[in-house]
Amino acid sequence: MTRAASLALVDCNNFYASCERLFRPDLLHRAIVVLSNNDGCVVARSAEAKMLGIPMGVPLHQVQHLIRQHGVVLFSSNYALYGDISRRVMTVLSTLAPDLEVYSIDEAFLDLSGIRDIEPHAHMIRATVRQWTGIPVSIGIAPTKTLSKVANRLAKKDPALKGVMDLRDSRLQEQLLRDFPVGDVWGIGRRLAEKLDVLGIGTALQLRDADTSLLRARFGVVMERLVRELRGEKCLDLESQPAPKQQIIASRSFGQPVTGLHEVQEAVSHHVARAAARLRSQYSIAQTLQIQLYPLPFGALARQASIQLSQATADTSEMIRVARQVVAGLYQPGQRYRKAGVMLLDLAPPGVRQASLFSAPEDPKRQQLMHTLDGINAQFGRAMLRFAAEGIEQPWAMRAGKRSPRYTTCWGELARVR
DNA sequence: TCTGGGGTCCTAGGACCC
DNA sequence: TCTGGGGTCCTAGGACCC
């Protein structure tokens, strides 16, 4: 029996539905469903709702008959609440393992190396989270992240396991992967499952034992990593420090279709403000602003524009000023819009190269670039002053510029100090 | 008629440079 | 008319995740 490094995936059961239930204990055994913004789609279901055959992500109108027939209780989503409860769960978990990675609002990978009796420990984790937060969780234990995902799924499926599945044993892996549909493997979506099916690969075991180089050639490096992980070879590390976002998106569907330019501009301005706030909270500035307007009917191509800001910034009013102009350009009178979105790209810091150029010193493009770098420097200086004023430790440092006689390469880089 | 809001990584192809 | 190699950067789009 081979026993490798031990990783656990802790996943909250029916998370949003469980959160709502905390405040409605009378709904303990009732079918309940949580809806997306504007109450459009089903985004979470209690076990009872799953049993009724209400699928994940389905538009509400498609299951209205089931809802009425079985008296399913509906909730609008309350992300502030779910975020708060998630933080409590993660805090509890962090006291029960040497290291953890918060993977999503309802999942965390735990490093359990150094813990001797892992299975009893996992049961203890499960009971503690339940007792301290009220949230039920399932735990999958395995040598790699991908296998721990498999284990977690099995833990959820078989009640006899009491919420914990230990998949460290390689013979057990072989046995259980045999019946595990390849489409349920982490990283295999609908498209890939279809393509694998054509190759005669229908189970996780067949995928695990397939020819690596063939898969690599056909599907790329992501697939190769996935296959190796299924074999118990660790390719994905635990990332306990959350990396700063590389792009920030803020978008919303309108409750009703919108036609007026002013209304669209107001909505976009609001999204810009939300995105910029998130940008500042990770101490970043953005160089590129992207605006998307989604017309009706559903599925119609979005109108979009991408704008390089004259200098990278995190300033809300400057971004809103630019965004309003862009919206005016994209907007078509008489068109009905269902959704608007904003995306911030080319974020810095940390460690993001801002620009590079190989050109003669008099090249106007180089002048432009130097101007941009000056802009970054200025932003950076102001940020530092603000940190100092607020007594915050200065988290970033900056480097810029590099020259050679004939040509000049310039680049700016904001690097993390610690 | 009614259809969420975030994110990530990878690849292909074109522009551009020496 | 045919004729180069090697490289970077950017963008769009596809696939996936929760």
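- If A/Phe219 and A/Arg336 are placed on DNA chain B by their nearest nucleotide, the residue sitting closer to the 5' end is A/Arg336.
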Response to the item:
The contact string for nucleotides 12-18 of chain C, one letter per nucleotide 5' to 3', using protein heavy atoms under 4.0 Å with B, S and - for base, sugar-phosphate only and none, comes out as ---SSSS

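- For A/Ala314 against A/Ser284, the heavy-atom pair with the smallest separation is CB-O, 3.5 Å.
- One interatomic measurement links the two molecules: CG of A/Leu345 to P of B/dG6, which rounds to 14 Å at whole-angstrom precision.
- Taking atom CD on A/Gln246 and atom P on B/dC9, their separation rounds to 5 Å, with Å as the unit.
- A/Arg338 comes within contact range of no nucleotide atom at all, as no heavy-atom separation falls under 4.0 Å.
- Looking only at side-chain heavy atoms (C-beta outward), A/Lys145 and A/Lys234 stay at 4.5 Å or farther from each other.
- Checked options A/Gln308, A/Gln290, A/Gln287; the residue passing with A/Leu345 is A/Gln290 (criterion: side chain to side chain contact (heavy atoms under 4.5 Å, CB included)).
- With a cut-off of 3.5 Å on both pairing distances, the Watson-Crick and G-U wobble pairs of DNA chain C assemble into stems of 3 or more at B:5-18 with C:5-18.
- A/Tyr79 has its OH atom 13 Å from the P atom of B/dG7, to the nearest Å.
- To the nearest angstrom, P of B/dG6 lies 12 Å from CG of A/Asn38.
- Of all heavy-atom pairs spanning A/Phe254 and A/Ala267, the tightest one is CE2-CB, 3.5 Å.
- If you find the closest nucleotide of DNA chain B to A/Arg216 and to A/Leu296, the one lying nearer the 5' end belongs to A/Leu296.
- Counted within 6.0 Å of NE2 on A/His29, heavy atoms from surrounding residues, nucleotides or ligands total 12 or fewer; the atom is thus considered open.
- Whole-Å rounding puts the A/Gln308 CD to C/dT11 P distance at 6 Å.
- Separating the P atom of B/dC17 from that of C/dG4 is a span of 22 Å, rounded to the nearest Å.
- When the side-chain nitrogen and oxygen atoms of A/Arg278 are compared with OP1 and OP2 of B/dG6, one or more of them lie within a distance under 4.0 Å.
- The ring of A/Trp186 has its center closer than 6.0 angstrom to the ring center of A/Tyr103.
- Taking side-chain N and O atoms only, A/Arg252 has a distance below 4.0 Å to OP1 or OP2 of B/dG6.
- A/Met223 places its CE atom 13 Å from the C1' atom of B/dC10, with the value rounded to the nearest Å.
- Taking atom OH of residue A/Tyr16 and atom P of nucleotide B/dG5, one finds them 12 Å apart after rounding to whole Å.
- Remark: side-chain polar atoms of A/Arg178 are not paired, donor with acceptor, to backbone N or O of A/Thr203 under 3.5 angstrom.
- Using a 4.0 Å heavy-atom criterion, one finds that A/Leu35 contacts no nucleic acid atom at all.
- Salt-bridge formation is not detected for the pair A/Glu194/A/Arg191: no Lys NZ or Arg NE/NH1/NH2 atom is positioned less than 4.0 Å from an Asp or Glu carboxylate oxygen.
- Less than 4.0 Å separates DNA chain B from at least one heavy atom of each of the following residues of residues 57-73 of chain A: A/Pro59, A/His61.
- Under 4.0 angstrom from either OP1 or OP2 of B/dG6 there lies no side-chain N or O belonging to A/Gln247.
- For the pair A/Arg153 and A/Asp11, the salt-bridge criterion is not met [side-chain N within less than 4.0 Å of a carboxylate O].
- Regarding A/Lys339, its NZ atom lies at a distance of 7 Å from the C1' atom of B/dG5, rounded to whole Å.
- Donor-acceptor pairing under 3.5 Å is lacking for the side chains of A/Asp315 and A/Thr313.
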Discussion item. Using the rule given for side-chain hydrogen bond (donor to acceptor under 3.5 Å, both in side chains), can you reason through A/Glu107 versus A/Ser104, listing the C-alpha separation, both sets of side-chain angles and the distance that settles it, and then say yes or no?
Written reply: CA-CA 5 Å; A/Glu107 286 169 272; A/Ser104 74; 3.1 Å; yes

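- Side-chain contact check for A/Glu20 and A/Tyr82: at least one donor-acceptor pair (N or O, by modelled atom type) lies under 3.5 Å.
- Put simply, A/Ser253 has a side-chain N or O that comes within less than 4.0 Å of OP1 or OP2 on B/dG5.
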